[in-house]
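Along the sequence shown, residues are numbered consecutively beginning with 1. Both counts, for ligands and for their atoms, begin at 1 and track the order of listing.
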Amino acid sequence: MALEGNMRINGQRLWDTLMEMAKIGPGVRGGNNRQTMTDEDSEGRHLFQKWCEAAGMTMGVDEMGTMFATRAGTDPDALPVYVGSHLDTQPTGGKYDGVLGVLGGLELIRTLNDLDIKTKHPIVVTNWTNEEGTRFPPAMMASGVFAGKFTQDWAYNQTDADGVKMGDELERIGWKGDEKVGARKMHAMFELHIEQGPILEVENKDVGVVTHGQGLNWLQVTVTGQESHTGSTPMPMRKNAGLGMAKITVLADEIALSNAPDAVGAVGHCDVYPNSRNIIPGKVVFTVDFRSPSLDVQKDMEAKFREGAQKICDADGLGLEIEFVGGFDPITFDEGCVTAVRNAAERLGYSHMNIVSGAGHDACWINAVAPTAMIMTPCVDGLSHNEDEDISMEWATAGTDVLLHAVLETAEIVE
Ligand code: HGY
Ligand code: MN
Ligand code: MN
């Protein structure tokens, strides 16, 4: 059976499945708060496993809790083609970030069952643990361990704001599997994901053919001053760590803008101590997120930031510590897989364009150990990591149709 343009997924079933998952870990404004290693994360995992088993797949779980649902191929020795993304969300996340890639993979399997299509290579639908890295940094944690970028023990010992360890939470929610992380070998991997930016919608394209991913640096900054009374301490005597953070936040913005239009930078997290209305902050801990498609720019931004932050703190008599928390170099996806994605969009008649991923994804790490590519769908106003994140059923369907065809071209249909 050849790959035909009329082989398409069931868009309504995909949409209904997305809405069903969105009921787990609801946010406060219509999005989701299903953070990694929470009871809501576990509930979503159980629902995903139920759906996978109903579709005839067998579930494996590794020691980082990543879930691998397998549909057998006709050749048991053939390496599987992997799809998937992540079910964990930001604390004020949307319904589609990551989830579309996991449930789009499930829809692909449901469609193969409907069409009674067999493939030479097995197909595996994956839910990567802790892609967001917001509760337990860094982002793409489990896929990073899988690709050998972080050790498992280091990951287990990462703590959240309350000092709780990731490994302890993984045990508590009962999702620590027995498979050795990274033991699985892949024929290829495709990740479907919303763009999380405005380009595809502005360019009126159905599908993004992701050729590259920009690099990312997360730097944790600790500025120390002196706690003292906000009323009775004369201004010249103050060692205000909060003021230091404000100046360093502006510095990060200026460095990113000086590398426009591709580089970006922001402070997204900050903890002020003692965080009292009438005490000058004695310590502030915050994270700077720098990204660029160019490794040289990425390194230059970090160097300029370290130099500039030290100058600010020296001038204000403040202490400074900067710790590299996580990140990865810009990546180029596999030419063969990218071509399979482009062929799929052409065959299906979907408008498409090449695009560089602005966000980090599990595929960015898996690209280091297997031929990998990504498929992106537009999202409304380019908004993501916001409960108002929104996509259309048409966009979700087009992206998943392309995923179906790219995977079938790679997993080889058996007559
Ligand atoms: O930070 C990222 O780029 C991803 O959304 N975790
Ligand atoms: Mn994501
Ligand atoms: Mn995200």
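The 12-atom threshold is not exceeded at CG of Asn204, counting heavy atoms of other residues, nucleotides or ligands nearer than 6.0 Å.
For atom 6 (N) of ligand 1, the nearest non-hydrogen atom of the protein is Glu131 OE2, 3.0 Å.
Using a 4.0 Å heavy-atom cutoff, Arg291 is listed among the residues neighbouring ligand 1. Heavy-atom distances between His385 and ligand 1 reach below 4.0 Å in at least one pair.
One distance of note links CD1 of Ile255 with CD of Glu302; it measures 10.5 Å at 0.5 Å rounding.
By the criterion of a heavy-atom distance under 4.0 Å, the side chain of Ala139, and not its backbone, is placed next to ligand 1.
A centroid separation of less than 6.0 Å is found between the aromatic rings of Phe150 and Trp365. The aromatic ring centroids of Phe146 and Trp128 lie less than 6.0 Å from each other. His46 has its ring centre less than 6.0 Å from the ring centre of Trp175.
One finds a salt bridge joining Lys247 and Asp316 here, because a Lys/Arg side-chain nitrogen approaches an Asp/Glu carboxylate oxygen to under 4.0 Å.
With a cut-off of 2.8 Å, the protein N/O/S atoms near the Mn ion (ligand 2) add up to 3.
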Original post:
Between Tyr82 and Phe190, does a ring pair (Phe, Tyr, Trp, His ring centres under 6.0 Å) hold up when you go through it step by step?
Top reply: CA-CA 6 Å; Tyr82 283 69; Phe190 294 92; over 10 Å; no
**OP:** Kindly determine whether Asp41 and Arg45 satisfy salt bridge (charged side-chain N to carboxylate O under 4.0 Å, His left out), including the steps that lead there.
**Re:** CA-CA 6 Å; Asp41 180 14; Arg45 288 162 170 268; 3.2 Å; yes
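Per-residue contacts place Ala359 under 4.0 angstrom from the following atoms of ligand 1 (heavy atoms of the residue considered): 3 (O).
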